[in-house]
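Input: a single structure, listed below in structure tokens.
By convention in this document, chain letters (A, B, ...) are assigned in the order of the sequence lines, proteins followed by strands, and residues within each chain are numbered from 1.
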Number of protein chains: 2
Amino acid sequence: MRIGELAARAGVSVRSVRYYEEQGLLSSVRSGSGQRHYTDEEVERVAFIQRLYSAGLSSRTIAELLPCVDSPSEEHSEAALERMAQERDRLSAHIDDLVRTRDTLDKLMDTAREYRDRHFRAPVPQD
Amino acid sequence: MRIGELAARAGVSVRSVRYYEEQGLLSSVRSGSGQRHYTDEEVERVAFIQRLYSAGLSSRTIAELLPCVDSPSEEHSEAALERMAQERDRLSAHIDDLVRTRDTLDKLMDTAREYRDRHFRAPVPQD
DNA sequence: CTTGCCTCTGACGTCAATGTCAGGTTTTAG
DNA sequence: CTAAAACCTGACATTGACGTCAGAGGCAAG
């Protein structure tokens, strides 16, 4: 498939796909006229890249992880495993942080609801 | 305390504190010479703002939430509650996304470890 | 063949939070 | 008193993942 279809199927923009290639996260086979062609597998790959981005990883970090995903071989296996473990930990920490923030928000909402109910109207069952 | 101490205590840069004020997230009492002065409470506030930022909220969104935090009153209570619920949901979705990504990373690491152990050395107890 | 859509490269624009610098005032320590 | 350190405003720089546009070429349908 060509880049438009890939982008649509993966749910990203055409611009992003080109950007991923520029960053070395994705490769393409070029037709004689220079157009990029992809296989079905690339759809998943692009989607996965997106998820890593939205997990807060940078292009550089993703570029360091993907080779391990592609071909687990001796050369990068150890380094990549460490890198992945490290990013996994960062991710875990971030998740914990978000959960704490969500808890804080929950408490704030409870407070606000209580206040509202006490002052402005009868209590309602919460959600 | 002055801005330097506040920033240090809250773990952010002086620049950021000024920026928060510029965005209406924080207020300060000015001394005669124009220097900002803060109370201990502001330290927590700044730290909380930081957490909202790192949770992916924008200045604008934070600005919409903080008034509710400060003084739950009729005027913004309903709207702010909705806003908070909405952001809470966004946050939850994001957390779920991150957890899924972490799971994927875990699986990748398992695969890599298996590969390594099968090909290059005797199995070791995992972690 | 032509019309319309897709693609190409390359470059500049954007946005948000923050860094950084300049040029000047204020506060603090010795 | 004086030098260092901290603060002020204002403005421009940066970073990263894109958006967007220009100008040119590719490709299927009628």
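- Contacts of A:R102 classified as salt bridge (charged side-chain N to carboxylate O under 4.0 Å, His left out), with partners at least two apart in sequence or in another chain: none.
- Partners of B:D89 under the salt bridge (charged side-chain N to carboxylate O under 4.0 Å, His left out) rule, at least two apart in sequence or in another chain, do not exist in this structure.
- Look at CD on A:E5: it is 14 Å from C1' on C:dT7, rounded to the nearest Å.
- Every side chain to side chain contact (heavy atoms under 4.5 Å, CB included) that A:V14 has, sequence neighbours left out, goes to A:I3, A:A7, A:R18.
- Among residues two or more places apart in sequence or in another chain, the salt bridge (charged side-chain N to carboxylate O under 4.0 Å, His left out) test is passed with B:D106 by A:R88.
- Crowding of B:E41 atom CD: a count of heavy atoms from other residues, nucleotides or ligands under 6.0 Å not exceeding 12.
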For nucleotides 16-28 of chain C, just jot down a letter per nucleotide in 5' to 3' order: B, S or -, based on protein non-hydrogen atoms under 4.0 Å.
SBBBB-----SS-
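- Partners of A:S27 by side chain to side chain contact (heavy atoms under 4.5 Å, CB included), not counting sequence neighbours: none found.
- Going from atom CD of A:E21 over to atom P of C:dT7 covers 14 Å, rounded to whole Å.
- Within the structure, salt bridge (Lys or Arg N to Asp or Glu O under 4.0 Å) pairs that include any residue of residues 23-39 of chain A comprise A:E21-A:R30, A:E21-A:R36 (at least two apart or interchain).
- The CZ-P distance, from B:R30 to D:dC7, rounds to 13 Å in whole Å.
- With sequence neighbours excluded, the residues that form a side chain to side chain contact (heavy atoms under 4.5 Å, CB included) with A:S16 are A:V12, A:S13, A:Y20.
- In terms of the ring pair (Phe, Tyr, Trp, His ring centres under 6.0 Å) criterion, B:F48 has no residue partners (sequence neighbours excluded).
- Of the residues in residues 39-47 of chain A, not one comes within less than 4.0 Å of DNA chain D through any heavy atom.
- As rounded to whole Å, 9 Å separates atom P of D:dC7 from atom NE2 of B:H37.
- Using five terminal pairs a side, the axes of the helix from C:dC1-D:dG30 to C:dG30-D:dC1 at its two ends make an angle of 10°, given in steps of 10 degrees.
- Ring geometry, B:H94 versus A:H94: the interplanar angle exceeds 60°, so the pair is classed perpendicular (tilted spans 30 to 60°).
- A close approach under 4.0 Å does not occur between any side-chain nitrogen or oxygen of B:R36 and OP1 or OP2 of D:dC7.
- As rounded to whole Å, 15 Å separates atom P of D:dC27 from atom CD1 of A:I3.
- To the nearest angstrom, P of C:dC6 lies 16 Å from CE of A:M1.
- Take A:R83 and apply the side chain to side chain contact (heavy atoms under 4.5 Å, CB included) test, not counting sequence neighbours, and it matches A:T61, A:E64, A:L65, A:Q86, A:E87.
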